[in-house]
Protein chains: 2
Amino acid sequence: MTKKHASIHDVARAVGVHPSTVSRVLNARTRHLVSPSVAARVTAAARRLGYTPDQVAAGLRTRRSSTVGVLIPDLANPLFPPIVRGIESVLTEAGYTAIIANTDNAAARAREALERFAARRVDGLVLAGVVRRDPLLPRLRALGVPTVLVNRTVDAGGIPAVVNDDAAGSALAVDHLLALGHAFIGHVAGPQRLSTGAARRAGFLAAIKAAGRAVRESAVAVARSYETGAGAQAGRTLLDAHPRLTAIVAANDLLALGCYDELARRGLACPRDVSVVGFNDMPFADRFSPPLTTVHIPHRLIGVEAARLLLEAIAHPETPAREIRVAPELVVRGSTARPPRGRR
Amino acid sequence: MTKKHASIHDVARAVGVHPSTVSRVLNARTRHLVSPSVAARVTAAARRLGYTPDQVAAGLRTRRSSTVGVLIPDLANPLFPPIVRGIESVLTEAGYTAIIANTDNAAARAREALERFAARRVDGLVLAGVVRRDPLLPRLRALGVPTVLVNRTVDAGGIPAVVNDDAAGSALAVDHLLALGHAFIGHVAGPQRLSTGAARRAGFLAAIKAAGRAVRESAVAVARSYETGAGAQAGRTLLDAHPRLTAIVAANDLLALGCYDELARRGLACPRDVSVVGFNDMPFADRFSPPLTTVHIPHRLIGVEAARLLLEAIAHPETPAREIRVAPELVVRGSTARPPRGRR
DNA sequence: GTGAAAGCGCTAACAA
DNA sequence: TTGTTAGCGCTTTCAC
C-alpha cells in the first residue's frame with residue numbers, strides 16, 4: 001500500500017458534492033443516476049487527483065473480493081503455465097484477479113494455501129492438482145466456495161471439472177502404433193492415485209481390447225510419479241518382463257523421456273528398436289532426441305474452459321456440476337516407426 | 001467470498017467478551033495483554049466456529065494489503081516459472097500473497113496490470129520484464145510503491161534490482177570456446193532494448209578483447225526477439241557474412257535453438273562444424289539434439305533475492321537502491337567441441 | 001485486563 | 001437528481 005491515495009472523499013470535496021455521488025459516477029451501473037454535468041466534473045477531478053478506487057475496500061462492502069484462488073502442484077512443471085495463462089486471461093477479462101499457490105504435491109501445503117485463500121475471501125477456486133480421493137474435499141465443501149477442477153478430477157464427482165479426454169488420448173496412441181504394425185505394446189502408466197494415471201491406463205487397456213488383441217495386465221508398469229526417473233524405472237520393469245516389446249505408450253512426456261534413458265542404457269535405439277509415445281506435448285518436445293511423438297493436450301484451452309465454468313458457478317451457484325472433456329490430438333514425430341523386421 | 005464466515009463478533013459473543021478482546025488474542029503482538037484464561041476460551045471458540053480472520057478487512061484498517069504484484073512478460077516462457085517460485089516462496093513465508101500478471105511484452109498491458117495492482121493497493125511490486133528505457137517508470141514513481149526489478153534492469157538506475165551477471169556469463173562462454181581452440185567466434189545477440197541483450201553483447205565483445213583477439217563488430221548479429229525464429233535469422237546473417245565462423249555464442253537458449261535450425265538448413269553439423277553456446281539453461285536443454293552447452297542462471301535464487309530485497313524495501317522505504325548481481329555458471333554439454341581441422 | 005468507540009474506503013438503502 | 005446514514009470486519013486509541 002502506498003503513501004496516500006486520493007479517496008472518494010477527496011474527489012467529492014474537490015467537486016463540492018457528496019461522496020455517494022462520486023461513487024455513483026464511478027460505478028457503471030449507477031452512473032446514469034447522476035446528471036451529466038456533475039458526472040463530468042467528478043470524472044475530471046478524479047483524473048486530476050489521480051484517484052484509483054480501492055477495490056479492496058469496495059469488496060469489503062459488497063462482500064465480493066473479485067479474487068480467485070488457483071492451486072497448482074508446481075508452476076515450474078511445464079504442464080501448468082499454459083493452463084494458468086488460460087485461466088488468467090478469462091478471469092482478468094471478467095474483472096477477477098487470480099492468486100496462485102503451489103502445493104508441491106504436499107497435502108499439508110495444499111491445506112495451508114486453501115486457508116490463505118479463505119482468509120482472503122476468494123470468490124472462487126480452481127484446483128489443478130487434486131488426487132482421486134482428495135483429502136481437501138471435506139474442507140472445500142465446508143468453505144462453500146464455488147470450485148472448478150482442472151486437468152485432474154476426483155472420484156467422488158459433484159465438482160465441475162475440465163479435463164482432457166484421457167481414454168481417447170490413449171486410444172490415439174495405441175491405434176497409431178497398431179497402424180505402424182506393432183504387435184506387442186506396453187504401457188508405462190502414471191500414478192494410479194491420479195485421475196490421469198488411472199484414465200490413461202484404462203484407456204490403453206480398452207484400446208488394445210477394442211483392436212481385438214490380447215490384453216495382458218503385465219504389459220503395464222506403473223510409475224511412482226510423473227518424473228523422468230520413475231519413467232526409466234517403470235520402463236526397465238516393463239522391458240525386463242517383456243523383452244520382445246516393440247512399443248511403449250507412456251502416460252506423460254517425462255515418463256517417455258525416462259523410457260528414452262532406459263532404452264539407451266540397454267543399447268536399444270528409439271524408434272528403430274522400440275517406439276515411444278508420450279502424453280501432453282510439453283514445450284520443446286519436438287526438440288528432444290528423437291523428437292517425441294505424443295498426445296497433444298490443449299492446455300490453454302482447458303484453462304480457459306475452467307475459468308468460464310467457474311464464472312458460471314459464481315454467477316449461478318446452484319447449477320449442477322458438469323464435466324467438460326476436451327479432445328486431445330496425436331502429434332506424430334520421430335519417436336515412432338514401424339517395428340523391427342521379424343517382430344511385427 | 002463464501003456464504004457466511006464467522007466474524008470476530010460471533011466469536012466475541014460466543015465467549016461473552018468484547019470483540020476487541022478477541023482481536024487482541026488473535027493478534028500475536030497483543031495477545032499478552034489478555035488473561036490466559038480468556039485467551040484460551042477465545043481460541044477455543046474461534047476454532048469451534050471455524051473462524052478465519054478476514055485478512056482483507058484487517059488490511060483496510062491497517063492500510064497494508066499484504067499483497068505484492070508480480071509483473072512478468074509471459075508465464076509460459078520457461079525462464080519465468082522458477083523466478084516466480086523463488087519470489088513466491090519467500091513472500092509467502094513472510095505473510096504476503098503474490099499476484100501475478102502477464103504483459104506479453106506489450107506496454108499497454110503492462111500499464112493496465114500496474115493499475116490493477118494499484119487498485120488492489122499492493123504493498124510492493126516485482127517487475128521481471130522491464131526494458132532499458134521503460135515507459136512505466138514515471139507511473140511507478142508516482143505510485144510510490146516499493147519496487148524491485150528482477151532478471152532485467154533499466155538504464156536509469158535508482159530501483160533495486162537482482163540480475164544475472166551477464167558480462168561474466170558471456171565471458172564464460174567465450175573462454176570455453178577459446179579453450180577449445182576456436183579462433184573465430186560469432187555472437188547472436190538479443191534485442192538491444194533489453195538490458196540482458198545489451199549486457200551479454202557487451203560482455204561478449206569485452207571477453208574477446210580481453211583474450212587479445214580482434215574485435216569485429218560484424219561478428220555480432222542482433223536478433224529481433226528472444227525467439228527461435230529470430231535466432232535462425234540472425235544466425236543466417238552471421239554465417240552469410242562469416243562462413244569461416246566455427247562457434248556461436250547465443251544470447252539465450254531459444255536463439256541457440258534457432259542457430260541449430262540454421263546450421264541444419266546449411267547442412268552443417270553441430271558441434272562438428274560449428275559449436276553453439278546458449279544462455280539460461282532452460283529446462284530440458286540437456287535433452288536437445290545435441291544437448292546444449294549453455295550458461296546456467298540460478299533463476300530461482302534470483303527470485304528469492306528479489307523478494308528479500310523487496311521485503312527490505314517495504315520495511316525500510318528510505319534505504320538506497322542496490323543491485324544484486326548473481327553469478328552464472330557454464331554447463332558444458334554436447335553442442336560445443338573443438339573446431340574442425342584446419343580452422344583452429 | 002477489558003470495554004467502548006471511532007474509522008479504514010467504499011456501497012447501498014432510504015430520504016428528500 | 002442528490003444527500004444522509006449505516007455498516008462491511010477489523011484494529012487501535014483511550015477509558016475504566
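Here is how names work: the chains are called A, B, and so on, in the same order as the sequence lines, proteins then strands, and each is numbered from 1. Just so we're clear, the structure is a prediction, and the values are computed from it rather than from any experiment.
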Which listed nucleotide ([options]) is nearest to the side chain of [X]?
X	options	answer
B:Ile8	C:dG1, C:dT11, D:dT11	D:dT11
A:Ala58	C:dC10, D:dG9, C:dA12	C:dC10
B:Tyr51	D:dA6, D:dC10, D:dT11	D:dC10

Please give, in whole Å, the distance from [N] [atom2] to [X] [atom1]?
X	N	atom1	atom2	result
A:Arg120	D:dG9	CZ	P	17 Å
B:Arg61	D:dT13	CZ	P	8 Å
B:Arg31	D:dT11	CZ	P	13 Å
A:Leu26	C:dG9	CG	P	15 Å
A:Arg63	C:dA12	CZ	P	12 Å
A:Leu60	D:dA6	CG	P	18 Å
B:Leu33	D:dT11	CG	P	14 Å

When the nearest nucleotide of DNA chain C is assigned to B:Ala57 and to B:Ser37 on a heavy-atom basis, which residue is associated with the more 5' position?
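Here B:Ser37 is the residue nearer the 5' end.
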Residues from residues 9-25 of chain B sitting under 4.0 Å of DNA chain D, heavy atoms only?
B:Ser20, B:Ser23, B:Arg24
Phosphate oxygens OP1/OP2 of C:dT2: is one of them under 4.0 Å from a side-chain N or O of B:Ser35?
yes
Is the shortest side-chain N/O distance from B:Arg64 to OP1 or OP2 of D:dT11 below 4.0 Å?
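Checking B:Arg64 against D:dT11: no side-chain N or O falls below 4.0 Å of OP1 or OP2.
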Is any NZ, NE, NH1 or NH2 atom of the basic residue among A:Asp155 and A:Arg132 found under 4.0 Å from an Asp or Glu carboxylate oxygen of the other?
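Looking at A:Asp155 and A:Arg132, the cut-off is met.
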side-chain contact (heavy atoms from CB on, under 4.5 Å) against A:Arg116, all qualifying residues, sequence neighbours excluded:
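Here the qualifying residues are A:Ala101, A:Glu112, A:Ala113, B:Thr92.
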How would you label the contact of B:Val56 with the nucleic acid (heavy atoms, under 4.0 Å): base, sugar-phosphate, or nothing?
nothing
Please tell me whether B:Thr67 and B:Arg120 have a donor and an acceptor in their side chains that are separated by less than 3.5 angstrom.
no
Have B:His9 and B:Ser7 got a donor and an acceptor in their side chains that come within less than 3.5 Å?
no
If I take atom CD from residue B:Glu115 and atom OG1 from residue A:Thr52, how far apart are they, to the nearest 0.5 angstrom?
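It comes to 5.5 Å.
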If I take atom CG from residue A:Asp104 and atom CG from residue A:Asn77, how far apart are they, to the nearest 0.5 angstrom?
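Answer rounded to 0.5 Å: 10.5 Å.
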Who passes salt bridge (charged side-chain N to carboxylate O under 4.0 Å, His left out) against A:Arg13, sequence neighbours left out?
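A:Arg13 satisfies salt bridge (charged side-chain N to carboxylate O under 4.0 Å, His left out) with A:Asp10 once adjacent residues are dropped.
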